[in-house]
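Step one of this worksheet: look at the structure below.
All figures in this text were calculated on a predicted structure; none of them were measured in a lab.
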Amino acid sequence: MDKNIETTAPKPAGIPEKDAPEAFREMAEKGTTQAKETYDKIDAATTEAADLIKNSYLKAVKGMQEYNNRIIEFAHANTNGAFDFVQKLSGVKSPTAFVELWTEHARKQVETLTEQSKQLAALGQKVTRTTDEPLKTDVVNPFKWSTSHRAELSA
(Lines give C-alpha, C1' and ligand atoms only; values in the text may rest on other atoms or scores of the structure.)
Protein backbone atom coordinates (compact mmCIF):
# COMPACT_ATOMS: atom_id res chain seq x y z
CA MET A 1 0.00 0.00 0.00
CA ASP A 2 1.23 3.43 -0.89
CA LYS A 3 1.46 5.68 2.14
CA ASN A 4 2.03 8.80 0.09
CA ILE A 5 -1.54 8.99 -1.21
CA GLU A 6 -3.26 12.11 0.03
CA THR A 7 -6.90 12.03 1.05
CA THR A 8 -8.98 15.14 0.73
CA ALA A 9 -12.38 15.94 2.13
CA PRO A 10 -15.09 16.64 -0.38
CA LYS A 11 -15.46 20.33 -1.10
CA PRO A 12 -18.80 22.02 -0.32
CA ALA A 13 -20.81 22.46 -3.48
CA GLY A 14 -21.11 26.00 -4.77
CA ILE A 15 -18.35 27.46 -2.57
CA PRO A 16 -14.92 27.81 -4.11
CA GLU A 17 -12.15 26.61 -1.82
CA LYS A 18 -10.61 30.04 -1.28
CA ASP A 19 -14.05 31.69 -0.43
CA ALA A 20 -15.16 29.18 2.24
CA PRO A 21 -13.64 30.99 5.25
CA GLU A 22 -15.11 34.27 4.00
CA ALA A 23 -18.57 32.72 3.61
CA PHE A 24 -18.45 31.24 7.12
CA ARG A 25 -17.31 34.57 8.53
CA GLU A 26 -20.18 36.38 6.79
CA MET A 27 -22.68 33.80 8.09
CA ALA A 28 -21.34 34.19 11.63
CA GLU A 29 -21.50 37.99 11.41
CA LYS A 30 -25.05 37.86 10.06
CA GLY A 31 -26.09 35.48 12.83
CA THR A 32 -24.47 37.67 15.46
CA THR A 33 -26.14 40.79 14.05
CA GLN A 34 -29.56 39.09 14.03
CA ALA A 35 -29.07 37.83 17.58
CA LYS A 36 -28.11 41.35 18.73
CA GLU A 37 -31.15 42.88 17.02
CA THR A 38 -33.44 40.26 18.55
CA TYR A 39 -31.93 40.82 21.97
CA ASP A 40 -32.38 44.60 21.66
CA LYS A 41 -36.04 44.17 20.68
CA ILE A 42 -36.74 41.75 23.52
CA ASP A 43 -34.92 44.03 25.95
CA ALA A 44 -37.04 47.00 24.83
CA ALA A 45 -40.26 44.99 25.17
CA THR A 46 -39.25 43.77 28.64
CA THR A 47 -38.43 47.31 29.74
CA GLU A 48 -41.76 48.53 28.41
CA ALA A 49 -43.63 45.77 30.27
CA ALA A 50 -41.74 46.48 33.50
CA ASP A 51 -42.54 50.20 33.21
CA LEU A 52 -46.20 49.39 32.61
CA ILE A 53 -46.37 47.21 35.72
CA LYS A 54 -44.43 49.76 37.78
CA ASN A 55 -46.79 52.57 36.75
CA SER A 56 -49.79 50.39 37.50
CA TYR A 57 -48.49 49.64 41.00
CA LEU A 58 -47.74 53.32 41.59
CA LYS A 59 -51.31 54.21 40.62
CA ALA A 60 -52.63 51.47 42.90
CA VAL A 61 -50.58 52.72 45.84
CA LYS A 62 -51.68 56.32 45.24
CA GLY A 63 -55.30 55.19 45.01
CA MET A 64 -55.06 53.17 48.21
CA GLN A 65 -53.52 56.15 50.00
CA GLU A 66 -56.44 58.29 48.86
CA TYR A 67 -58.88 55.56 49.94
CA ASN A 68 -57.23 55.24 53.37
CA ASN A 69 -57.20 59.03 53.80
CA ARG A 70 -60.92 59.09 53.05
CA ILE A 71 -61.55 56.36 55.63
CA ILE A 72 -59.58 58.34 58.23
CA GLU A 73 -61.55 61.46 57.31
CA PHE A 74 -64.83 59.56 57.76
CA ALA A 75 -63.70 58.07 61.06
CA HIS A 76 -62.82 61.55 62.31
CA ALA A 77 -66.23 62.92 61.26
CA ASN A 78 -68.05 59.94 62.82
CA THR A 79 -66.10 60.31 66.08
CA ASN A 80 -66.98 64.00 66.24
CA GLY A 81 -70.62 63.12 65.59
CA ALA A 82 -70.57 60.60 68.42
CA PHE A 83 -69.07 63.14 70.85
CA ASP A 84 -71.68 65.72 69.83
CA PHE A 85 -74.39 63.13 70.45
CA VAL A 86 -73.00 62.30 73.89
CA GLN A 87 -72.87 66.01 74.77
CA LYS A 88 -76.49 66.45 73.71
CA LEU A 89 -77.46 63.34 75.69
CA SER A 90 -76.01 64.87 78.82
CA GLY A 91 -78.53 67.70 78.58
CA VAL A 92 -81.61 65.51 78.10
CA LYS A 93 -84.25 66.08 80.77
CA SER A 94 -87.04 63.69 79.75
CA PRO A 95 -87.48 60.23 78.23
CA THR A 96 -89.29 61.78 75.28
CA ALA A 97 -86.38 64.11 74.55
CA PHE A 98 -84.00 61.13 74.89
CA VAL A 99 -85.99 59.09 72.34
CA GLU A 100 -86.18 62.05 69.94
CA LEU A 101 -82.46 62.72 70.25
CA TRP A 102 -81.61 59.04 69.83
CA THR A 103 -83.90 58.70 66.79
CA GLU A 104 -82.46 61.85 65.22
CA HIS A 105 -78.89 60.61 65.79
CA ALA A 106 -79.65 57.14 64.41
CA ARG A 107 -81.27 58.65 61.28
CA LYS A 108 -78.27 60.95 60.72
CA GLN A 109 -75.85 58.06 61.24
CA VAL A 110 -77.65 55.89 58.69
CA GLU A 111 -77.62 58.75 56.17
CA THR A 112 -73.98 59.54 56.88
CA LEU A 113 -72.84 55.92 56.67
CA THR A 114 -74.84 55.38 53.48
CA GLU A 115 -73.24 58.43 51.88
CA GLN A 116 -69.78 57.42 53.09
CA SER A 117 -70.26 53.90 51.73
CA LYS A 118 -71.26 55.31 48.33
CA GLN A 119 -68.22 57.57 48.28
CA LEU A 120 -65.88 54.71 49.25
CA ALA A 121 -67.41 52.43 46.62
CA ALA A 122 -67.01 55.11 43.94
CA LEU A 123 -63.44 55.77 45.03
CA GLY A 124 -62.67 52.04 45.01
CA GLN A 125 -64.05 51.73 41.48
CA LYS A 126 -62.02 54.74 40.36
CA VAL A 127 -58.84 53.27 41.85
CA THR A 128 -59.52 49.92 40.20
CA ARG A 129 -60.21 51.54 36.83
CA THR A 130 -57.12 53.73 36.86
CA THR A 131 -54.97 50.83 38.00
CA ASP A 132 -56.17 48.14 35.63
CA GLU A 133 -56.97 50.18 32.51
CA PRO A 134 -53.35 50.35 31.31
CA LEU A 135 -52.99 46.66 32.03
CA LYS A 136 -56.14 45.84 30.06
CA THR A 137 -55.09 47.86 27.04
CA ASP A 138 -51.39 47.01 26.97
CA VAL A 139 -51.23 43.52 28.42
CA VAL A 140 -54.39 41.91 27.06
CA ASN A 141 -52.10 40.04 24.72
CA PRO A 142 -48.95 39.30 26.72
CA PHE A 143 -47.17 38.50 23.49
CA LYS A 144 -48.34 41.64 21.69
CA TRP A 145 -44.71 42.53 21.12
CA SER A 146 -43.92 39.20 19.54
CA THR A 147 -46.85 39.36 17.12
CA SER A 148 -46.01 42.88 16.01
CA HIS A 149 -42.31 42.16 15.63
CA ARG A 150 -42.50 38.58 14.34
CA ALA A 151 -42.16 39.75 10.72
CA GLU A 152 -39.09 41.80 11.60
CA LEU A 153 -37.43 38.84 13.27
CA SER A 154 -38.06 36.48 10.42
CA ALA A 155 -36.69 38.94 7.84
Side-chain angles (χ1 to χ4, degrees), residues 12 14-15 19-155:
I15 301 177
D19 292 339
E22 180 68 22
F24 287 126
R25 186 183 62 74
E26 287 176 10
M27 274 186 2
E29 286 177 2
K30 185 177 179 181
T32 302
T33 302
Q34 286 178 341
K36 172 80 169 108
E37 289 172 358
T38 302
Y39 171 79
D40 289 343
K41 290 174 184 177
I42 290 172
D43 184 52
T46 303
T47 301
E48 182 180 331
D51 288 345
L52 176 71
I53 292 169
K54 177 183 166 185
N55 290 335
S56 181
Y57 279 125
L58 289 174
K59 287 180 182 180
V61 167
K62 182 180 177 188
M64 289 309 299
Q65 286 173 336
E66 186 178 347
Y67 192 87
N68 288 338
N69 288 340
R70 188 68 57 92
I71 287 175
I72 291 168
E73 176 186 312
F74 290 161
H76 181 63
N78 293 341
T79 302
N80 287 341
F83 282 126
D84 290 345
F85 173 65
V86 169
Q87 283 180 336
K88 290 177 185 177
L89 271 180
S90 67
V92 170
K93 307 233 189 259
S94 70
T96 306
F98 174 80
V99 170
E100 287 176 9
L101 186 61
W102 188 271
T103 304
E104 170 83 13
H105 177 71
R107 184 187 57 75
K108 283 183 181 178
Q109 281 301 105
V110 168
E111 289 173 1
T112 300
L113 292 175
T114 301
E115 181 59 30
Q116 289 172 347
S117 296
K118 287 179 185 178
Q119 289 180 23
L120 287 176
L123 184 57
Q125 289 172 351
K126 176 187 163 195
V127 169
T128 301
R129 258 192 325 276
T130 59
T131 301
D132 74 353
E133 192 61 37
L135 294 174
K136 281 182 182 178
T137 58
D138 293 336
V139 187
V140 167
N141 180 0
F143 298 103
K144 177 181 88 172
W145 176 85
S146 65
T147 58
S148 66
H149 298 316
R150 193 171 287 146
E152 292 176 25
L153 293 178
S154 62

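Donor-acceptor pairing under 3.5 Å is lacking for the side chains of Gln109 and Asn78.
Looking at residues two or more places apart in sequence or on another chain, you find no ring pair (Phe, Tyr, Trp, His ring centres under 6.0 Å) involving Phe74.
Thr46 OG1 to Lys41 NZ: the interatomic distance, rounded to the nearest 0.5 Å, is 14.0 Å. Taking CD of Glu48 as the reference point, atom CD1 of Ile53 lies at 11.0 Å (rounded to 0.5 Å). Here the CD1 atom belonging to Ile72 is positioned 12.5 Å from the OH atom belonging to Tyr67, to the nearest 0.5 angstrom. To the nearest 0.5 Å, the span separating CD1 on Ile71 from CE on Met64 amounts to 7.0 Å. Atom CG of residue Leu120 and atom NZ of residue Lys118 lie 13.0 Å apart, to the nearest 0.5 angstrom.
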task: May I have the step-by-step check of side chain to side chain contact (heavy atoms under 4.5 Å, CB included) for Val61 and Leu58, ending in yes or no?
output: CA-CA 5 Å; Val61 167; Leu58 289 174; 5.7 Å; no

Residues Arg70, Gln116; criterion side chain to side chain contact (heavy atoms under 4.5 Å, CB included); working and verdict: CA-CA 9 Å; Arg70 188 68 57 92; Gln116 289 172 347; over 6 Å; no

message: As a quick check of understanding, evaluate salt bridge (Lys or Arg N to Asp or Glu O under 4.0 Å) for Lys36 and Asp40, giving each step before the final call.
response: CA-CA 6 Å; Lys36 172 80 169 108; Asp40 289 343; 2.9 Å; yes

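Judged by distance alone, with hydrogens and angles left aside, the side-chain atoms of Thr32 form a donor-acceptor pair with the main-chain N or O of Ala28 at under 3.5 Å. Asp43 places no side-chain N or O within donor-acceptor distance of the main-chain N or O of Tyr39, the cut-off being under 3.5 Å.
At a threshold of 4.0 Å, the pair Arg25-Glu22 counts as salt-bridged, since one of the basic side-chain nitrogens sits closer than that to a carboxylate oxygen. Ion pairing between Lys108 and Glu104 holds under the 4.0 Å rule for side-chain N and carboxylate O. A salt bridge links Arg107 with Glu111; the closest basic N to acidic carboxylate O contact falls under 4.0 Å.
Between Phe85 and His105, the ring planes lie parallel to each other; the angle is under 30°, not in the 30° to 60° tilted range.
Summarising the geometry of Val92 relative to Ser94, their closest heavy-atom pair is CG1-O, 3.2 Å, with the distance given to 0.1 Å. Of all heavy-atom pairs spanning Lys59 and Thr130, the tightest one is CD-O, 3.4 Å. Leu89 approaches Leu101 most closely through the heavy-atom pair N-CD2, 3.6 Å.
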